[in-house]
Amino acid sequence: MNIRFPENFIFGAATSAFQIEGNVHDDGSGKSIWSSFIQNSTVGSQEDEYAKSETFCLHSSYWKRDVSLLSELKLDSYRFSVSWGRVIPSGNGNVNQKGLQFYDQLVDNLLEHGITPMLTLYHWDLPLELQKNGGWANPNSPDWFLLYSKTVADLLADRVPLWITFNEPWIFMHLGMIQGEHAPGIKSPEYAAAAYKNILLSHSRTADLLRSYNQIREIGIASNLSPCIPASPSPADVAASKRMDAYHNRFFLDPWVNGSIPEITDQVFGKHNPEWSDSELNELGSELDFIGINYYTSKRIAHHDHDFLNVTEHPPQTETTDMGWEINPDGLLEALIWAYEQYNTPLYVTENGAAFNDVIQNGKIEDYSRVRYLHDHILQCKKAIEQNIPLKGYYVWSLLDNYEWNHGLTKRFGLIHVDFETYNRTIKQSGYYYRNLISFNRHPNTSDLKSRRGLNLDFLDNFQAAYTQGQPAGT
Ligand code: FCB
């Protein structure tokens with residue numbers, strides 16, 4: 001299959017502030033809910049000890065090196081997030097100029113390397129002080145978010161064209177406030193219900209604010225999407241998979257894009273389901289310039305009497321990544337088609353990637369399983385474009401191995417390996433694969449001709465080991 005993408009298609013990689021920066025700033029930054037979540041978790045392996053030190057990739061010290069690596073990989077764009085507490089330590093008060101300066105310099109440096117910044121305002125690291133004040137369940141939280149967003153936009157709107165308000169709101173609401181597995185570790189549908197309403201309003205008000213900056217080109221959100229496949233054709237399993245689809249895939253997108261609150265909120269929040277005034281409802285449904293899709297896997301769903309929403313997830317039936325997530329490239333195409341049919345909005349894949357247990361041997365990381373995963377998913381993006389889906393770009397999760405939330409430092413997603421003791425970075429074979437793919441796709445006018453010379457589909461021969469289980473789908 002031809003892997004030449006349209007000329008202006010963006011190839012990038014993504015990270016988030018909390019997962020890479022390291023929380024060892026002496027610049028007056030405030031702590032986040034994830035900092036306190038880590039400190040209260042039980043210590044086990046050595047990785048956990050490194051996680052507790054909260055240094056992670058020490059990107060706040062090594063950021064220039066990381067931008068050079070982005071450039072070495074020939075990426076068109078870099079998706080990163082801003083840490084709210086670094087910019088406003090208490091979350092809703094004085095600005096920390098040193099924190100702001102970090103992002104100011106990062107953006108300048110990216111632009112100097114010809115890399116387009118895509119900025120996420122909220123990737124889960126709420127300032128701890130705000131959590132002490134009720135967090136997202138506090139009705140003032142949309143104002144807090146607006147003030148923070150304005151502070152960042154005043155500084156960066158002139159240089160950052162692509163903005164995302166929230167990353168995966170469903171994940172941080174469900175795992176953080178209903179299941180208690182993510183920070184802030186709350187298990188309360190009542191709390192989550194209040195937060196749901198405030199998060200919805202926060203996005204809409206902030207998107208309106210961002211629209212007032214003329215230089216911002218596109219405003220969107222990044223949403224987790226997984227096709228929900230019934231585990232069997234039984235009516236109960238089919239109904240369960242529809243419930244999961246409504247909850248997992250539509251819960252935030254329906255209100256934000258179509259202005260409607262999904263019926264499933266009744267079952268999720270019960271008697272706590274929030275009331276909406278007409279004027280509040282009118283605030284929702286503002287047009288997005290794009291929907292960012294974070295796709296990793298699909299889900300096999302069955303009915304189960306005793307689980308939340310009477311839904312349970314069946315174990316994967318095919319190969320999985322180190323997260324135990326089923327590898328299903330076709331699911332990405334399905335998610336792209338579904339999102340465009342539902343919401344008629346341009347799309348980016350804002351995250352896609354795989355964790356594998358990488359090992360360095362003779363200074364090299366031969367992560368052919370990841371090469372294969374990426375290649376098979378990128379082919380699905382090409383198919384989507386051929387079916388006239390307006391897909392504008394693809395971002396690998398992640399640029400660097402990093403802190404993977406409640407899995408600590410044990411799950412490696414990077415194109416670049418990070419040694420969490422020495423902070424050494426080593427480009428993996430998947431990084432080189434991606435660089436070749438990008439070089440191959442560059443238009444002759446803008447490309448570095450030398451690196452393109454001799455590049456054709458044969459470069460995949462170098463990754464033979466990745467294909468021991470057959471040809472990648474779609475070739
Ligand atoms: C997504 C998150 C991202 C990362 C990947 C593996 O849900 O947005 O931060 O953890 O999963």
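Index from 1, following the sequence. A quick note: this is a predicted structure, and the numbers were derived from the prediction, not measured.
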Is it true that a side-chain atom of [X] and a backbone atom of [Y] form a donor plus acceptor pair closer than 3.5 Å?
X	Y	result
Tyr348	Ala222	no
Asn402	Ser398	no
Asp358	Ile365	no
Thr320	Pro316	no
Asp104	Leu156	no
Tyr103	Ser83	yes
Asp108	Leu106	no
Ser223	Ile293	no
Ser439	Arg435	yes
Ser77	Thr116	yes

Centroid-to-centroid, [X] to [Y], below 6.0 Å?
X	Y	answer
Phe9	Phe11	yes
Tyr247	His174	yes
Tyr343	Trp338	yes
Phe18	Tyr403	yes

Is any NZ, NE, NH1 or NH2 atom of the basic residue among [X] and [Y] found under 4.0 Å from an Asp or Glu carboxylate oxygen of the other?
X	Y	value
Asp401	Arg412	yes
Glu326	Lys299	no
Arg425	Asp419	no
Glu366	Lys428	no
Glu218	Lys392	yes
Arg65	Glu72	no

Classify the ring geometry of [X] against [Y]: parallel below 30°, tilted from 30° to 60°, perpendicular beyond 60°.
X	Y	value
Trp256	His203	tilted
Tyr296	Phe413	perpendicular
Tyr373	Phe356	perpendicular

* Asked: salt bridge (Lys or Arg N to Asp or Glu O under 4.0 Å) between Asp27 and Arg86: does it pass, once the steps are laid out?
  -> CA-CA 8 Å; Asp27 64 358; Arg86 243 184 126 174; 3.5 Å; yes
Below 4.5 Å, heavy atoms only, C-beta onward: do [X] and [Y] meet side chain to side chain?
X	Y	result
Gln105	Trp63	yes
Tyr433	Arg370	no
Leu399	Leu75	yes
Thr345	Val257	yes
Ile385	Pro6	yes
Leu111	Pro117	yes
Asn310	His304	no
Ile88	Asn96	no

* Given side-chain hydrogen bond (donor to acceptor under 3.5 Å, both in side chains), test Thr120 with Arg79 step by step and report yes or no. => CA-CA 7 Å; Thr120 307; Arg79 176 180 172 224; 3.1 Å; yes
Is there a donor in the side chain of [X] and an acceptor in the side chain of [Y], or the other way round, less than 3.5 Å apart?
X	Y	value
Asn224	Asn167	no
Glu351	Tyr295	no
Gln39	Glu54	yes
Thr55	Tyr423	yes

Rounded to the nearest 0.5 Å, how far does [atom2] of [Y] lie from [atom1] of [X]?
X	Y	atom1	atom2	result
Asn249	Asp245	CG	CG	4.5 Å
Leu415	Gln429	CG	CD	12.0 Å
Asp76	Asn441	CG	CG	9.0 Å
His59	Cys57	NE2	SG	8.5 Å
His377	Ile327	NE2	CD1	7.5 Å
Met244	Asp237	CE	CG	13.5 Å

* Asked: Between Leu110 and Leu70, does a side-chain contact (heavy atoms from CB on, under 4.5 Å) hold up when you go through it step by step?
  -> CA-CA 9 Å; Leu110 288 168; Leu70 281 159; 3.7 Å; yes
* Structure fact -> Between Leu200 and the options Phe252, Phe166, Phe251, the side chain to side chain contact (heavy atoms under 4.5 Å, CB included) test singles out Phe252
* Asked: Of Trp84, Phe172, Phe145, which is the lone residue that meets side chain to side chain contact (heavy atoms under 4.5 Å, CB included) with Leu126?
  -> Trp84
* To do: In sequence, state the C-alpha distance, the side-chain angles, and the governing distance for Arg372 and Glu319, and then conclude on salt bridge (Lys or Arg N to Asp or Glu O under 4.0 Å).
  => CA-CA 12 Å; Arg372 184 171 158 223; Glu319 223 182 312; 3.6 Å; yes
Where do [X] and [Y] come nearest, in terms of heavy atoms and distance?
X	Y	value
Asp289	Ile219	OD2-N, 2.8 Å
Thr321	Ala354	CG2-CB, 3.7 Å
Glu129	Ser90	CB-O, 3.4 Å
Ala153	Trp163	CA-CH2, 3.6 Å
Gly414	Ser430	O-OG, 4.2 Å
Pro127	Pro89	CB-O, 4.2 Å

* Kindly write out the residues that satisfy side chain to side chain contact (heavy atoms under 4.5 Å, CB included) with Ala384, not counting sequence neighbours, or none if the list is empty. => Leu333, Leu336, Ile389
* Considering residues at least two apart in sequence or located in another chain, which fulfil the side chain to side chain contact (heavy atoms under 4.5 Å, CB included) criterion with Ala240? -> Arg243, Ile301, His303, Val311
* Structure fact -> Result for ring pair (Phe, Tyr, Trp, His ring centres under 6.0 Å) between Trp136 and one of Tyr196, Tyr122, Trp144, Tyr191 points to Tyr122
